[in-house]
J.: 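Quick one: structure below, then a few questions.
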Amino acid sequence: MWLCSKAIARATAIVFIANLHLIAGQQIPEEPTPSLADTLTLSINPPNEALNAFFPPSILNVQTPLAIRYALFFAVVQYELFAACDATALSFFGRKDSIPNRFCSDRDTRSVIQAHMTYRLLDSEFPIDAKSPEQFLSRLGLNPLNRSTDTSTPLGWANVVANRFIQYFVTDNWNSQGDLSKTDFRQQYQDYTGYSPVNPSHVRPRDLQFPLRWQPLTGAVDRRGLFGSQVHVVPQIGVRGKPLALSREEFEQRQAPPLYHTPNRRRSLSRKDRVLARNLLRKLFQRSANLTEDKISLGFFWENKFISLGIFALYYQNLLGISDDVMAPLFLAEMMAQHDAALVAWKEKRRNDNVRPVTLVRRLLTGTRVHALKGLKDGVGIVKAEEWEPVVPIQPHSEYPSASAVICTASLENLRIYLDTVVLKGNETIPPFEFDVVPGFAPNSPIQRTTKVVFSTPEEAARSCGESRLDSGVHFEPSVPAGHRLGKGIGKAAFAHVMELVQGRVPKNCERCFDY
Ligand SMILES: *[C@@H]1O[C@H](CO)[C@@H](O)[C@H](O)[C@H]1NC(C)=O
Ligand SMILES: *[C@@H]1O[C@H](CO)[C@@H](O)[C@H](O)[C@H]1NC(C)=O
Ligand SMILES: *[C@@H]1O[C@H](CO)[C@@H](O)[C@H](O)[C@H]1NC(C)=O
């Protein structure tokens, strides 16, 4: 359930890559000899070797905060080169870098610098996945292992800037090197802040000491007799993470109101919470019994942030013909918004630490039968409440608020503002987002036919992202509006922050600026 076998991941990735060319619905004519820049530029239209190399199967099913971190690295690197080559823009660190003009004017050189910096950052932060781009760059005769810092050469310039990024990201408190938790036998991204669930995973839900608090779930790992229990993924980022666009104060102020009246009550639920919980479960099963194949498909689409949120900017780049120099800051603002949204969501998940629906169902409804979706094949029917499972995998973290709602709201808010003010200049409405989800596109999705996704506005897309988590049965209803409220304003802050940099000013509250 939480570990994906390599074979499945690879098969998924192949279909994923094979289907990406459908995004824009058009083919680029074959070129006889592609330039080095063409070979190195990640293309989804059609998918190319660079895309496969930089997004190997091993990364595609990674947990959402780590997926955001991975994509953020592409954004900071792309932005850094744009800023260095631009007359006005400041770097991610608020500096004006000098770069030889010839590096900027030559497309191949620019691409080599960008690919090398991306590889260096991935090698530091995601070394397992970085093997794939390393082999790719070596095959092209480039020197990924060369650490020269001679800034008169493209490789040296790339290394100097990459070193600055590496220095920042190994100390941004995610424990990416595992050094904050151990001296030897380090585990990357391990918690070091002493987070511990109040309920152990092996106790039956009806015997839990804190019935409204999160219980790590137990489930099949390999479907061959290996079962495992969840460990909350990166709880440290909620208390030690460093927001990129939000000030520390804005970050701390974003709080979700408590869902339950007495969440820490021992052994039993108060009368008020019992009524509330039964109500929430009733609504959850109403949704479950109302599921359609389209809704299930949408649930799997939104489940993976690489392939859902990740394609919005690309879709509009193709549709509106957005230039690379406009895309670079847009992509950075988008990833900063997602990054800060993930930190806010994790802060609130950790603070509330609420129980997931499956646990509460087993606690309150064991011995009863409910009307719910039994599976794609069996459709809706009567099931024993204690056997019910949501339609998508339940991620290894507490329930409240919905991280998807926070992240989608923040990211799509930035997209809305960016397209309105920079691309369309307030003069036109944003065209709808239309996308065919073909079988196999969304990892893990069991849907065997193509379903069409249409969102007339970015706001509608954000609402769909939140709703899909409710339809999927992994959240209670209040988690989604709470998530939308937490995310609101983060996209705007990320946009403003990046526009300051683009216009040559150091944004206020830029904690990282000048230090690196
Ligand atoms: C490493 O890169 C530098 C700068 O491009 C170059 O001068 C040097 O020859 C390279 N070293 C090796 C071993 O390739
Ligand atoms: C059931 O689904 C329909 C159509 O998808 C929707 O309009 C309706 O509000 C849903 N009802 C519930 C209880 O979710
Ligand atoms: C609308 O767009 C046109 C060109 O696309 C531009 O010349 C004009 O100034 C814009 N109007 C406003 C109000 O932004």
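Order of listing sets the numbers, starting from 1, for every ligand and every atom in it. Side-chain atoms are counted along with the backbone in the values below, which use heavy atoms only and exclude waters and symmetry mates.
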J.: Scan side-chain atoms only and decide if K305 and S404 contain a donor-acceptor pair under the 3.5 Å cut-off.
T.: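 Checked: K305/S404 side chains pair up, N/O donor to acceptor below 3.5 Å.
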J.: Parallel under 30°, tilted from 30 to 60°, perpendicular over 60°: which one fits the rings of W214 and H232?
T.: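 W214 vs H232 ring planes: perpendicular.
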J.: Check ligand 2 against K295 and write out every atom of the ligand that is under 4.0 Å from a heavy-atom position of the residue.
T.: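 So the atoms of ligand 2 that pass are 1 (C), 2 (O), 5 (O).
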J.: Are any of the N/O atoms in Q286 less than 3.5 Å from those in ligand 2?
T.: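 No; the residue has no nitrogen or oxygen that sits under 3.5 Å from a nitrogen or oxygen of the ligand.
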J.: Taking only heavy atoms of the protein into account, state which residues are under 4.0 angstrom from an atom of ligand 1, in chain and number order.
T.: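 Close residues (ligand 1, cut-off 4.0 Å): N146, S148, T153, L155.
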J.: Quick check: N290 and ligand 2, any N/O pair under 3.5 Å apart?
T.: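 Min N/O separation from ligand 2 is below 3.5 Å for N290.
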J.: For the residue pair F306 and F55, categorise the inter-ring angle as parallel (less than 30°), tilted (30 to 60°) or perpendicular (more than 60°).
T.: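 Perpendicular: the ring planes of F306 and F55 meet at over 60°.
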J.: Here's one to test your reading of the geometry: is the NZ or CZ of R110 within 45 degrees of the ring axis of F103 and under 6.0 Å from its centre?
T.: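 Cation-pi check for R110 and F103: fails.
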J.: Which label fits F169 and F165: parallel for a plane angle under 30°, tilted from 30 to 60°, or perpendicular past 60°?
T.: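 Ring orientation of F169 relative to F165: parallel.
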J.: Quick one: which of H116, E80, R120 gives a side-chain contact (heavy atoms from CB on, under 4.5 Å) with V161?
T.: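 Going through the options one by one, the only one that passes is E80.
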J.: Classify the ring geometry of F455 against W302: parallel below 30°, tilted from 30° to 60°, perpendicular beyond 60°.
T.: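 The rings of F455 and W302 sit tilted, inter-plane angle from 30° to 60°.
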J.: Consider ligand 2: state whether an atom of it lies below 4.0 angstrom from any non-hydrogen atom of K283.
T.: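 Contact check K283 vs ligand 2: negative.
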J.: Does NZ or CZ of R69 fall inside the cone over W174's six-membered ring, less than 6.0 Å from its centre and within 45° of the axis?
T.: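 Because its charged atom sits under 6.0 Å from the ring centre and within 45° of the axis, R69 does stack over W174.
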